[in-house]
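Take a look at the structure below.
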There are 2 protein chains.
Amino acid sequence: MNKSALFHQFVAFTATIHQVTHDLTQNVNTANITPLQYKILEYIKVSQPVTPTEISECQHMSLPNTSRELRKLLERQLIEKFNDTADRRKQYVRLSKEGEKMMEEAFACIEERFLQLIQHATQDDLKDIQHALTILEEKVLQQNG
Amino acid sequence: MNKSALFHQFVAFTATIHQVTHDLTQNVNTANITPLQYKILEYIKVSQPVTPTEISECQHMSLPNTSRELRKLLERQLIEKFNDTADRRKQYVRLSKEGEKMMEEAFACIEERFLQLIQHATQDDLKDIQHALTILEEKVLQQNG
DNA sequence: CTCGTTACTTATCATTTGATAACAAAATAA
DNA sequence: TTATTTTGTTATCAAATGATAAGTAACGAG
């Protein structure tokens with residue numbers, strides 16, 4: 001098997017994934033937040049509670065900039081902060097009730113679009129897709145993240 | 001098969017793909033161009049020759065902003081323009097010799113990192129990966145792009 | 001030829017994002 | 001205790017990106 005050919009297929013594949021992700025998420029109604037703020041909320045949603053430092057590292061942004069964006073999200077009451085009882089320097093961030101609602105609506109919209117993508121898939125197709133995702137996670141992506 | 005569960009797996013998968021893409025492409029030596037300029041060059045590289053309008057649509061940016069970025073890339077002699085002989089309004093953009101060199105070096109660096117990702121894969125693993133990519137392209141991604 | 005459309009450019013402004021310095025408070029190590 | 005490190009904030013500046021108005025040139029329909 002030619003590893004170089006596999007690389008080119010992988011590159012084309014990731015480009016398509018990025019394109020599809022864009023299509024799935026564009027114009028999702030998210031109360032006028034910026035793309036960066038959406039990514040932060042998405043990360044909080046799936047990993048909460050998280051610390052600003054974790055957000056900073058995961059989103060590849062500096063802590064001062066993370067702090068700024070969190071302040072904006074806090075002002076818009078989309079997130080909440082609370083302190084670590086053991087280490088009072090640490091903070092934890094989670095979605096507020098309003099933030100949860102917004103993200104759940106966003107995810108519902110994205111899911112609806114995703115379902116249209118696979119609307120013609122048979123039961124066997126779905127199994128194949130699920131298996132393919134698992135294979136790639138295990139054999140290509142696992143050592144990262 | 002639960003389509004909603006598949007959706008969640010897909011979302012996690014795309015998040016990981018974005019993460020890995022970031023890791024593969026970060027700090028690739030690309031002569032101080034911006035991320036947007038890199039994406040444009042990447043698109044030109046795999047699709048050349050392309051028109052500014054095509055770049056504009058594919059990268060989801062306005063034509064004026066596309067024109068601005070192309071001017072910067074032209075000034076740095078990373079791309080070349082030439083006219084359509086039939087329709088003199090149209091332009092085509094391709095990489096210059098220098099641009100080709102830069103992108104090939106970038107791709108080589110990324111490929112090297114990718115090969116490390118799959119360094120422990122057996123021949124059977126590689127076949128599985130190749131098959132999984134093909135399945136996803138055919139059954140999820142095909143109707144887009 | 002005239003008019004509307006297409007392809008693209010230039011100019012300008014607003015917003016978003018990135019980078020960095022300086023600071024404060026709490027934890028930890030010496 | 002004192003010094004150092006960790007965690008986070010505020011402030012400021014620069015750069016990248018997005019949005020839009022106005023204009024030019026060429027094409028195509030009538």
Side-chain angles (χ1 to χ4, degrees), chain A residues 18 21-23 25-28 30-44 47-76 78-94, chain B residues 18 21-23 25-28 30-44 47-76 78-94:
Chain A
H18 282 82
T21 301
H22 180 272
D23 293 344
T25 57
Q26 80 175 339
N27 297 327
V28 169
T30 41
N32 261 11
I33 60 174
T34 69
L36 181 59
Q37 286 167 3
Y38 177 80
K39 278 187 197 166
I40 292 172
L41 289 180
E42 197 177 57
Y43 174 62
I44 296 172
S47 310
Q48 58 190 334
V50 293
T51 67
T53 298
E54 286 168 342
I55 296 173
S56 164
E57 287 168 358
C58 190
Q59 302 294 311
H60 312 103
M61 54 194 293
S62 69
L63 199 52
N65 290 336
T66 303
S67 180
R68 173 182 59 196
E69 298 307 319
L70 290 178
R71 179 175 48 72
K72 291 178 188 170
L73 293 171
L74 202 60
E75 281 167 1
R76 302 189 54 172
L78 294 170
I79 61 172
E80 293 170 348
K81 284 181 176 181
F82 59 98
N83 287 315
D84 188 325
T85 50
D87 184 341
R88 282 184 299 168
R89 291 171 305 178
K90 274 195 188 172
Q91 294 184 348
Y92 291 101
V93 179
R94 66 182 164 214
Chain B
H18 283 82
T21 301
H22 180 272
D23 292 346
T25 57
Q26 80 175 339
N27 297 327
V28 169
T30 42
N32 260 13
I33 61 174
T34 70
L36 181 58
Q37 287 167 1
Y38 177 80
K39 278 187 196 165
I40 291 172
L41 289 180
E42 197 177 55
Y43 174 63
I44 297 173
S47 309
Q48 59 190 331
V50 292
T51 67
T53 299
E54 286 169 342
I55 296 173
S56 164
E57 287 169 359
C58 189
Q59 302 294 311
H60 312 102
M61 52 194 294
S62 70
L63 200 51
N65 290 336
T66 303
S67 181
R68 174 182 60 195
E69 297 308 318
L70 289 178
R71 179 176 47 73
K72 291 179 190 169
L73 292 171
L74 203 58
E75 281 168 0
R76 302 189 55 172
L78 295 170
I79 61 172
E80 293 168 350
K81 284 182 177 180
F82 60 99
N83 287 317
D84 189 325
T85 50
D87 185 342
R88 281 185 300 168
R89 291 170 305 179
K90 273 193 188 173
Q91 294 185 347
Y92 290 101
V93 179
R94 66 182 165 215

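Everything numeric here is computed off the predicted structure, so don't read it as measured data. Numbers restart at 1 for each chain; the letters A, B, ... are given by sequence-line order, proteins then strands.
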Legend entry - Side chain A:S47, main chain A:Y43, donor-acceptor under 3.5 Å: yes
Inset, instruction - Using both pair distances under 3.5 Å as the test, note the stems of at least 3 consecutive Watson-Crick or G-U pairs that include DNA chain C. - result: C:1-30 with D:1-30
Legend entry - Base versus backbone protein contacts along nucleotides 16-27 of chain C [heavy-atom cut-off under 4.0 Å; B, S, -]: SBBBBB----BS
Inset, instruction - Indicate, with a heavy-atom threshold strictly under 4.0 Å, whether B:K81 touches base, sugar-phosphate, or nothing. - result: sugar-phosphate
Legend entry - Gap between atoms NZ and C1', on A:K90 and D:dT6 respectively (whole Å): 10 Å
Legend entry - Separation of D:dG8 P from A:L74 CG (nearest whole Å): 14 Å
Legend entry - Spacing of B:Q59 atom CD relative to D:dG18 atom P, expressed in whole Å: 10 Å
Legend entry - Minimal non-hydrogen separation, B:I40 against B:E69, with atom names: CD1-CB, 3.8 Å
Legend entry - B:K39/B:E42 under salt bridge (charged side-chain N to carboxylate O under 4.0 Å, His left out): CA gap, chis, key distance, verdict: CA-CA 5 Å; B:K39 278 187 196 165; B:E42 197 177 55; over 6 Å; no
Legend entry - Integer-rounded Å distance: D:dT17 C1' and B:L73 CG: 14 Å
Inset, instruction - Check the distance between D:dT7's P and A:L70's CG and give it to me in whole angstrom. - result: 15 Å
Inset, instruction - Return the minimal non-hydrogen interatomic distance between B:L74 and B:I79, and the atom names on each side. - result: CD1-O, 3.3 Å
Legend entry - Nearest non-hydrogen partners of A:L70 and A:K81, listed with the distance: CB-CE, 4.4 Å
Kindly list each side-chain donor-acceptor pair under 3.5 angstrom involving residues 54-61 of chain A, sequence neighbours excluded, with atom names and distances?
residue, atom, partner, partner atom, Å
A:E54, OE1, A:T51, N, 2.9
A:S56, OG, A:M61, O, 2.6
A:H60, NE2, B:H22, ND1, 3.4

Inset, instruction - Compare every heavy atom of A:Y92 with every heavy atom of A:N83, then report the nearest pair and how far apart it is. - result: C-CD1, 4.4 Å
Legend entry - Between CD on residue A:E75 and NZ on residue A:K72, distance to nearest 0.5 Å: 9.0 Å
